[in-house]
S.K.: 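Pasting a structure here, questions to come.
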Number of protein chains: 2
Amino acid sequence: MAKLGHYTDLGNADRLLLQDFEKEELTFKKRDLVRREGEPTRSLFVVKRGWFFGHSMLPSGKRQVHRVFLPGDFIGTHEIVCAEATYDISAASDGVLCPFDKSGLKVVFTRSPRLTALLYSIEALDQVTQDDRLRAVSRMDAAGRLAHFFLQMFSRLRISGEQVGRSIRLEMSQELIGDTLGLTGIHVNRTLKQLSDEGLIELSAGVLTLTDEAGLKALCDFDDMHYRIDTSWFPDT
Amino acid sequence: MAKLGHYTDLGNADRLLLQDFEKEELTFKKRDLVRREGEPTRSLFVVKRGWFFGHSMLPSGKRQVHRVFLPGDFIGTHEIVCAEATYDISAASDGVLCPFDKSGLKVVFTRSPRLTALLYSIEALDQVTQDDRLRAVSRMDAAGRLAHFFLQMFSRLRISGEQVGRSIRLEMSQELIGDTLGLTGIHVNRTLKQLSDEGLIELSAGVLTLTDEAGLKALCDFDDMHYRIDTSWFPDT
DNA sequence: CGGTTTTTTGAAAGGGCTCAAGATCCGTGG
DNA sequence: CCACGGATCTTGAGCCCTTTCAAAAAACCG
């Protein structure tokens, strides 16, 4: 709710509808599998605590991390159209999820055009973010991809209402980051070292510090404008 | 409307709402710029005829094609959250677009929960498609990426209600395909030749034929399940 | 404190890129 | 209907970023 509230004012009725999404809680430990690819997508989730990620294997044995889910994110909204899950979901750290039924959205769609518009926008925003990621993964070298990934991560965390300074706890192994960016864990390691040597980042004991944010931005043409959405066309209620 | 009707039955009221999206027409010639990155996103489009594509430049001089838009597709729905366009849009072939105002969606959201759910699903489906594309671009070699791209293209065209056999007219240069897949036009050319030599495809005079669809699928782990959506949770009206 | 998961580092191989240049295709104007 | 110029397709050679394979050091967890 903190995250959604970041974008627009919510009426009381809308707050009540949203509360229904966080009634239940499920606890997971790092490396736990939340759901396997191919399972019926009965429920969606809201991330309450911790980091999660969606991933799938390729026949070649390579793994792709499709998304990283942070506190406040919805999990599975984009797969709602599929009868079966399109990829696995696991916990990147210890964490808590709130599951709710697909049909919960039906209620929102019927009762609150404004909240619907907001959900639609969240979905759309997610796509803009993914698009940006595709651009980085598809066209940049290792240093650029990492810079882009870190900046996007910071940007997303800042929105969820958490206090984020220049440092965060990175709840992902270098291998996992590699699978997110289409790189080998090994090469992630080498590139990370390079970025450190150049004074752009600092990384120790799982804590990542952006020493030179401007320098990182220059490396990957990052533009943070995505995170304020245009609500001018929203219905009033 | 043919495309949306592919997914679910539309009531009369919904058909009327949709008709409003195709009132105007704009004609473009191959290579025309439809809209530039940074422009205010006043209107969205429906593709009536021809192929279009969204693209952006990187500081390195490389170009990324974010999406290819085919007849029946909406253009710009995912960017509706941004006040400004996130990338350029150009015509890949001669074609016709139907522009309509952002606020057209407001009407849909307010009047028809069912149509709203459908639009939301289209958006979500698009994301599943893009996710799949990311997986290919991020983790497969050139042959796999091309195979995946072609199969996805065929699959999308089949849904739009057009009659598609084993051949289509490919309205994209090899360079453009390269920019879509994170490859050089030159390397696309070489790989295309390789695929031909192996009897998987045939390509001449801009017409692409999938000679061995199963072979291509094996190359890229393609799964076409995405194109039937789950409407079980849709509101009734 | 022992086992597992991560991080590091080295050396060699490979897929895709760059640079270059010719061949083709195609729309346009005469 | 033909000629011209730009776009697109081809092909060759050498280079570079990233991957592989291997193995040791560190860090983490119960």
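Side chains are part of it too, since the values below use all heavy atoms of this structure and drop only hydrogens, waters and symmetry mates. Order of the sequence lines sets the chain letters (A, B, ...), proteins ahead of strands, with each chain counted from 1.
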S.K.: For Asp179(A), check salt bridge (charged side-chain N to carboxylate O under 4.0 Å, His left out) against everything at least two apart and list the hits.
M.R.: Arg63(A), Arg139(B)

S.K.: Only distances under 3.5 Å count here; give the side-chain donor-acceptor pairs of residues 192-205 of chain B to other protein atoms, sequence neighbours excluded, each with its distance to 0.1 Å.
M.R.:
| residue | atom | partner | partner atom | Å |
| --- | --- | --- | --- | --- |
| Gln194(B) | NE2 | Glu198(B) | OE2 | 3.4 |
| Ser196(B) | OG | Leu192(B) | O | 3.1 |

S.K.: For Asp101(B), what residues pass the side-chain hydrogen bond (donor to acceptor under 3.5 Å, both in side chains) criterion, not counting sequence neighbours?
M.R.: Ser103(B)

S.K.: When rounded to the nearest 0.5 angstrom, what is the spacing between NE2 in His6(B) and CD1 in Ile229(B)?
M.R.: 8.5 Å

S.K.: Tell me every residue that passes ring pair (Phe, Tyr, Trp, His ring centres under 6.0 Å) with His187(B), counting only those two or more places apart in sequence or in another chain.
M.R.: none

S.K.: To the closest 0.5 Å, what do you measure between CG (Leu4(A)) and CZ (Phe21(A))?
M.R.: 9.5 Å

S.K.: At how many degrees, to 10°, do the end axes of the helix from dC1(C)-dG30(D) to dG30(C)-dC1(D) meet when each uses five pairs?
M.R.: 60°

S.K.: Output a table of donor-acceptor pairs, distance under 3.5 Å, between side-chain atoms of residues 45-62 of chain A and any protein atom two or more places apart or on a different chain; print 'none' if there are none.
M.R.:
| residue | atom | partner | partner atom | Å |
| --- | --- | --- | --- | --- |
| Lys48(A) | NZ | Glu25(A) | OE2 | 2.8 |
| His55(A) | NE2 | Ser90(A) | OG | 2.7 |
| Ser56(A) | OG | His66(A) | NE2 | 2.8 |
| Ser56(A) | OG | Arg135(B) | NH1 | 3.3 |
| Ser60(A) | OG | Lys62(A) | N | 3.4 |

S.K.: With sequence neighbours excluded, what pairs up with Asp141(B) under the side chain to side chain contact (heavy atoms under 4.5 Å, CB included) test?
M.R.: Ala143(B)

S.K.: Do Thr41(A) and Glu79(A) pair up side chain to side chain, a donor and an acceptor below 3.5 Å, judged on atom types alone?
M.R.: no

S.K.: Hey, is the side chain of Gln174(B) poking within less than 4.0 Å of OP1 or OP2 on dT10(D), counting only N and O atoms?
M.R.: yes

S.K.: When you list every nucleotide of DNA chain C with an atom under 4.0 Å from a heavy atom of chain B, which one comes first 5' to 3', and which comes last?
M.R.: dG16(C) to dA20(C)

S.K.: Within the structure, does a side-chain N or O atom of Asn189(B) lie under 4.0 Å from either OP1 or OP2 of dT10(D)?
M.R.: yes

S.K.: Does Thr184(B) have any side-chain hydrogen bond (donor to acceptor under 3.5 Å, both in side chains) partners at least two apart in sequence or in another chain, and if so, which?
M.R.: none

S.K.: Do Asp73(A) and Arg156(A) pass the salt bridge (charged side-chain N to carboxylate O under 4.0 Å, His left out) test, and can you show the C-alpha distance, the side-chain angles, and the key distance before you say yes or no?
M.R.: CA-CA 10 Å; Asp73(A) 285 347; Arg156(A) 287 176 57 195; 2.6 Å; yes

S.K.: Going 5' to 3' through nucleotides 12-23 of chain D, assign each nucleotide B (protein heavy atom under 4.0 Å from a base atom), S (under 4.0 Å only from sugar-phosphate atoms) or - (no protein heavy atom that close).
M.R.: BB----SBBBB-

S.K.: Which residues pass the salt bridge (charged side-chain N to carboxylate O under 4.0 Å, His left out) test with Glu175(B), sequence neighbours left out?
M.R.: none

S.K.: Report, as a single string ordered 5' to 3', how protein heavy atoms within less than 4.0 Å touch nucleotides 25-30 of chain D: B base, S sugar-phosphate only, - not at all.
M.R.: ------

S.K.: Scan Glu123(B), Gln130(B), His78(B) and name whichever one has a side chain to side chain donor-acceptor pair (under 3.5 Å) with Gln127(A).
M.R.: Glu123(B)

